[in-house]
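Take a look at the structure below.
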Amino acid sequence: GSLPLNKQSTVATKMDIIADVDLASIQPFAALTDALPSDLQMSGKAQSKLSVNNSKNVYYINTDSTHIDNLKIQKKDKEPFEQTPVDVKFDAIIDSGQQNIEVKSFELVSPQIKITKGEFKKQTTKNGMTNLSGVANCQYDWQAISNISSQFLPQGFNLKGLRNDTFKFSSSYPADKSDLLMANLNSSLNTGFDTADYMGFYFGKTDVSVDINTGVMTIKPFSSTVNNGTLSFAGSADFNQKPSLLKTPNTIKILKDIQINDVTTKKLLKYVNPIFADALNVTGIMNLDCEKMVLPLTNGSTKDIVIEGTMEITQLRLQASNVLSQILDFTGISQQQTITIKPTKFTVADELLKYTDMPMEVGQYPLNFTNGSINIGQSKELSMDVIIPYTTSGKTVKVGETTTESRITVPMTGTINKPTIAFDKVIKSQLKEQLENVLKDKLNDIFK
């Protein structure tokens, strides 16, 4: 069955309707609320008993018995939100002439979401503006609403846990531009999660306060336990801008004594230094300070990432690193060493991660990765020099030692996944230098 919203009706009527409804068929009607984004597709089967009173194009609709099976709400390229069964009660007034909607009470019960004390109002003013507002007490499972929460979070940020929060929101925007709803959104809530994961960082229970003011979201400062260390964060995002970007307000010690692992290595650290590209069994303690951080939310890409920060890793151990193995084999140093990456300033902009010098200590031996440039986009090209703990005369240098001789510099190119170290050029250069030195000594002897 369907509800005929006849804009020409002026006769008061009262109807009790029993309807079997395909939710996909009424999605255009649901879209009138503007609360359901246009890129979400809804499906499911509803059985409803409705009481409808109609007078002069105004419909008073009440249901105490609407049962939905196989409810599915899906966004393109995202896992669908699915619930079954879903039971709904509501009391609503719809003015079909003005296209105004007021839901005076709304309740929803499903396995992962419960909404009580829900209210919703959409009114179109004479000057062509739509005023939208609502409030609801919600018990929800973060995984169940991931399609919605993903609009406010960096890509790949997964939240878990059950919450009981009150949501309030309002927005005022041109009636013919419902896409400006988010840009004019006002809301305030205290929320949080039991656990979360992002690029190999595993969060403990966390509470967060969020304000949204005319489309500008502010995440108030908070801290959380992450990988046996501490993460601290605060940020803001302007939904008036496309893409929407999450930005930190000032210098933050984002990571303190975080334990790294194989996931953080594959998702993050391999873009920092090629020794991590194929490394396994990675352990260590990481610290990260950021003077500036910009991360894309909706419709963003790696081109939008901007970071200015300082990182260090201590107690680093790893295996199967092809690049590190080549370097240490060339210098005759054992691979069973604990590594320290000294504090290194770096930047990310225009898909390029850059640093002037990343000093490492491999046990007692110094390594320096200089003039580093790594593409974090599609090409993943890299270029840098590696200063090894080995002089042109064949002397091995240890940490803290001073020497008048220069350490050998080896160029590295290729990509993150296939870096190439030009040791052959180093050997030729070294032989040439040694030959020149021998010739120089001989000539000096001749012309004494």
Side-chain angles (χ1 to χ4, degrees), residues 1-5 15-52 59-94 101-122 132-152 158-169 181 187 189 191 193-194:
S2 62
L3 185 62
L5 298 185
M15 297 178 288
D16 290 322
I17 299 174
I18 298 176
D20 291 325
V21 181
D22 183 343
L23 295 183
S25 68
I26 65 167
Q27 181 157 337
F29 171 73
L32 292 175
T33 66
D34 292 343
L36 185 68
S38 59
D39 59 347
L40 292 184
Q41 299 299 314
M42 181 174 61
S43 62
K45 301 293 183 180
Q47 294 179 322
S48 185
K49 294 181 180 179
L50 299 171
S51 174
V52 180
Y59 293 81
Y60 302 85
I61 305 173
N62 174 275
T63 178
D64 289 326
S65 179
T66 292
H67 181 86
I68 303 171
D69 286 318
N70 302 316
L71 175 64
K72 180 185 288 188
I73 300 176
Q74 186 164 20
K75 188 175 183 178
K76 185 179 179 180
D77 300 327
K78 297 286 186 180
E79 288 295 319
F81 160 53
E82 296 178 279
Q83 294 283 281
T84 193
V86 178
D87 290 296
V88 176
K89 298 178 181 180
F90 65 84
D91 189 0
I93 302 172
I94 301 176
I101 299 172
E102 181 178 2
V103 180
K104 302 178 72 172
S105 65
F106 180 85
E107 294 182 15
L108 181 149
V109 177
S110 73
Q112 293 174 296
I113 297 177
K114 293 180 176 63
I115 299 176
T116 59
K117 300 179 181 178
E119 298 176 13
F120 175 85
K121 185 182 292 186
K122 177 189 175 185
L132 197 69
S133 63
V135 60
N137 180 269
C138 299
Q139 299 176 44
Y140 59 95
D141 185 321
W142 271 114
Q143 287 186 295
I145 64 167
S146 60
N147 274 329
I148 300 169
S149 63
S150 63
Q151 298 185 57
F152 304 91
N158 299 308
L159 304 178
K160 296 180 182 179
L162 303 175
R163 293 290 302 185
N164 190 342
D165 299 314
T166 298
F167 291 89
K168 295 181 180 180
F169 68 91
L181 187 159
S187 184
L189 69 145
T191 185
F193 48 84
D194 292 340

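Values in this document were obtained by computation on a predicted structure and should not be read as measured data.
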Worksheet item: When you measure from the side chain of Ser105 to the backbone N and O of Phe90, does any donor-acceptor pair fall under 3.5 Å?
Response: no

Worksheet item: To the nearest 0.5 Å, what is the distance between CD (Glu102) and CD (Glu119)?
Response: 8.5 Å

Worksheet item: Which pair of heavy atoms, one from Gln112 and one from Glu82, lies closest together, and at what distance?
Response: OE1-O, 4.0 Å

Worksheet item: Can you find a pair of side-chain heavy atoms, one from Val135 and one from Phe167, that are under 4.5 Å apart?
Response: no

Discussion item. To the closest 0.5 Å, what do you measure between CD1 (Ile94) and CD1 (Ile101)?
Written reply: 5.5 Å

Discussion item. Exactly one of Val103, Ile17, Ile93, Leu50 should register a side-chain contact (heavy atoms from CB on, under 4.5 Å) with Ile61. Which one does?
Written reply: Leu50

Worksheet item: Could you walk me through whether Lys49 and Asp16 pass the salt bridge (charged side-chain N to carboxylate O under 4.0 Å, His left out) check?
Response: CA-CA 7 Å; Lys49 294 181 180 179; Asp16 290 322; over 6 Å; no

Practice prompt. Kindly compute the distance separating NZ (Lys114) from SG (Cys138), expressed to the nearest 0.5 Å.
Written response: 12.0 Å

Worksheet item: Does a donor on one side chain sit under 3.5 Å from an acceptor on the other, for Thr191 and Tyr140?
Response: yes

Practice prompt. Measure the CG-OG1 distance between Asn137 and Thr166 for me, rounded to the nearest 0.5 Å.
Written response: 4.0 Å

Item to complete: Might you work through the side-chain contact (heavy atoms from CB on, under 4.5 Å) test for Val86 and Leu108, ending with a clear yes or no?
Response: CA-CA 7 Å; Val86 178; Leu108 181 149; 3.8 Å; yes

Worksheet entry | Test item: Thr66 side-chain N/O and Ser48 main-chain N/O as donor-acceptor pair under 3.5 Å | no

Worksheet entry | From CA spacing to verdict: side-chain contact (heavy atoms from CB on, under 4.5 Å), Asp194, Lys160 | CA-CA 6 Å; Asp194 292 340; Lys160 296 180 182 179; 5.8 Å; no

Discussion item. Is there a side-chain contact (heavy atoms from CB on, under 4.5 Å) between Ile115 and Phe106? Walk through the geometry before answering.
Written reply: CA-CA 7 Å; Ile115 299 176; Phe106 180 85; 4.1 Å; yes

Discussion item. Just so I know, are the side chains of Arg163 and Trp142 near enough to count as touching, which here means a heavy-atom distance under 4.5 Å?
Written reply: yes

Worksheet item: Which heavy atom in Asp22 sits nearest to a heavy atom in Lys45, and how many Å separate them?
Response: OD2-NZ, 3.5 Å

Worksheet item: In Å and rounded to the nearest 0.5 Å, what is the CG to OG distance from Leu71 to Ser43?
Response: 7.5 Å

Worksheet item: Between NZ of Lys89 and CG of Asn62, what distance do you get to the nearest 0.5 Å?
Response: 10.0 Å

Response to the item:
What one should report as the nearest heavy-atom pair of Ile68 and Thr84 is O-OG1, 4.3 Å

Worksheet item: Side chains of Pro85 and His67: closer than 4.5 Å at any heavy-atom pair?
Response: yes

Practice prompt. Scan side-chain atoms only and decide if Tyr60 and Asp91 contain a donor-acceptor pair under the 3.5 Å cut-off.
Written response: no

